There are 2 protein chains.
Amino acid sequence: MTDRYHHGDLRRALIEAAVTALGESGPGSLSLRAVAKRTGVSHAAPAHHFGDKAGLLTAVATEGHERFADALERAWSETGDFVEVGVAYVRFAVDYRAYFEVMFRIELLHLDDPDLDRARDRSNRVLYAGMDEEAAEAAPRLAAWSLVHGFAVLLMAGNFDEEVAADPEAAVREIAAQLNDLPGADRGDRR
Amino acid sequence: MTDRYHHGDLRRALIEAAVTALGESGPGSLSLRAVAKRTGVSHAAPAHHFGDKAGLLTAVATEGHERFADALERAWSETGDFVEVGVAYVRFAVDYRAYFEVMFRIELLHLDDPDLDRARDRSNRVLYAGMDEEAAEAAPRLAAWSLVHGFAVLLMAGNFDEEVAADPEAAVREIAAQLNDLPGADRGDRR
DNA sequence: AGTCGCTTCTTGATAGTGTCAAGATTTGCG
DNA sequence: CGCAAATCTTGACACTATCAAGAAGCGACT
């Protein structure tokens, strides 16, 4: 299964190798050749499946958005609390750092890829699942998204002190409480 | 002045060339050799002043944080409104994109550089200038910073619709209004 | 004046990168 | 069985960062 000429599911294997490599060193120093070697194929094998480096990262980002949407969806359906969706947002960034680092680095991706487009759309929709569609105008959505995304990004870039970094989820709940018209869960029952 | 062996102030010139190059193509595709050629020196000249690529980017990030702190400081002293500091935050990200893109990409920088450290410290302090030191616990600070940083990052990554992207400053003011205990300016006079 | 030391910059080489073209191998289908 | 298409390899090219060694200018001290 491993040393045949045809790999079987090389595409899958390359994506997984890329993800583990990303987890070790980040997207900046990811090398197609290293991913190929890790998978046991020649240096040009990835090009056939993904076209170029951005193509591989696009595939990773697509898979990332799918997992991301799953995680957010799960959080919402399990708790019904919009804040917990935000917590899941940050938890994903921490637990699936390799994916998260790629998903929002658009200069590394093929934005015209239809699969990526679909996946991004879904995770976008899922994020807002808990909000009353008509009532909430744009501002609360933007605020909530910005808040949680900014927190995740700053956290991963090491901008917070140890206390916050030690228990990010608790910190998210605290800062989420700073939003006055918390969208989603029926207003008024909060606090 | 230009074609002497000793350039005069090559360090300055290289930083400026790097900034304009960053503005054209982003930090991922920045090449030391291209910066050198742009400045009219040999391909290895930058190494002498900055050690390596990360050294050059560190210098750019340092200068960026200084300009950043200046901008935030100016906004605070001119308006006395904490929201306007947030607006200045986003405006800086848009107007000085080249700097901003580098400042928070720690994997590209030498975090042990003392100059960078000082500059980061200052822009950090200035950001919180408008907050009552003792009264405000950590949460409002984190919330405000996360909110505005997340907005800036998502904006630059093209995650917002045209309406928001067309007038980001107005959007920042809207989402800032979603924070309930807006820190800084004496409470109560807001709205 | 002269020469020594130091900073500044250049030249050359090395190892690594992404991408492209051409060929080899395997599979599936008629 | 045989052929076409998909899959992967090999080889090459241009480009990159980084390092070592040398050249060029500057300043200071005798």
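Just so we're on the same page: letters track the sequence lines, and every chain starts at 1. Only a predicted model underlies this, so the values are computations on that prediction, with no experimental measurement involved.
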- Close side-chain approach of B/Asp70 and B/Arg122, heavy atoms under 4.5 Å: yes
- Message: When you measure only distances, ignoring hydrogens and angles, does the side chain of A/Arg33 come within 3.5 Å of the base of C/dG18 through a donor and an acceptor?
- Response: yes
- Separation of atom CG in A/Leu32 from atom P in D/dT16, rounded to whole Å: 17 Å
- Task: Could I get the full list of salt bridge (Lys or Arg N to Asp or Glu O under 4.0 Å) partners for B/Arg125, not counting sequence neighbours?
- Result: none
- Message: At less than 4.0 Å, is any side-chain N or O atom of B/Ser31 found next to OP1 or OP2 of D/dA17? Yes or no.
- Response: yes
- For B/Arg38, enumerate each residue passing the salt bridge (Lys or Arg N to Asp or Glu O under 4.0 Å) test, keeping only those at least two apart in sequence or located in another chain. B/Glu24
What side-chain donor-acceptor pairs closer than 3.5 Å can you find for residues 85-92 of chain A, not counting sequence neighbours?
{"unit_1": "A/Tyr89", "atom_1": "OH", "unit_2": "A/Trp145", "atom_2": "NE1", "d": "2.9"}
{"unit_1": "A/Tyr89", "atom_1": "OH", "unit_2": "A/His149", "atom_2": "ND1", "d": "2.8"}
{"unit_1": "A/Arg91", "atom_1": "NH1", "unit_2": "A/Glu169", "atom_2": "OE1", "d": "3.0"}
{"unit_1": "A/Arg91", "atom_1": "NH1", "unit_2": "A/Glu169", "atom_2": "OE2", "d": "3.2"}

- Message: Show me the pairs that pass side-chain hydrogen bond (donor to acceptor under 3.5 Å, both in side chains) and involve residues 92-103 of chain A, at least two apart or across chains.
- Response: A/Glu63-A/Tyr99, A/Arg67-A/Tyr99, A/Arg97-A/Glu101
- Note on the structure: Hits for salt bridge (Lys or Arg N to Asp or Glu O under 4.0 Å) against B/Glu66, two or more places apart or cross-chain, chain-then-number order -> none
- Item | Any residue meeting salt bridge (Lys or Arg N to Asp or Glu O under 4.0 Å) with B/Arg118, in chain and number order, not counting sequence neighbours | B/Asp115
- Item | Contact residues, residues 41-57 of chain B to DNA chain C [heavy atom, < 4.0 Å] | B/Val41, B/Ser42, B/His43, B/Ala44, B/Ala45, B/His48, B/His49
- Under 4.0 Å from any atom of DNA chain D, heavy atoms only: list the residues of residues 100-110 of chain A that qualify, in numerical order. none
Would you tabulate the side-chain donor-acceptor contacts of residues 49-62 of chain B under 3.5 Å, counting partners in other chains and residues two or more places apart, or write 'none'?
{"unit_1": "B/Asp52", "atom_1": "OD1", "unit_2": "B/Gly55", "atom_2": "N", "d": "3.0"}
{"unit_1": "B/Lys53", "atom_1": "NZ", "unit_2": "B/Leu30", "atom_2": "O", "d": "2.8"}
{"unit_1": "B/Thr58", "atom_1": "OG1", "unit_2": "B/Ala54", "atom_2": "O", "d": "2.6"}
{"unit_1": "B/Thr58", "atom_1": "OG1", "unit_2": "B/His110", "atom_2": "N", "d": "2.8"}
{"unit_1": "B/Thr62", "atom_1": "OG1", "unit_2": "B/Thr58", "atom_2": "O", "d": "2.7"}

- Task: Tell me what A/Leu14 touches on the nucleic acid: a base, only sugar-phosphate, or nothing, going by heavy atoms under 4.0 Å.
- Result: nothing
- Task: Measure the distance from CG on A/Leu10 to C1' on D/dC8 and round it to the nearest whole Å.
- Result: 8 Å
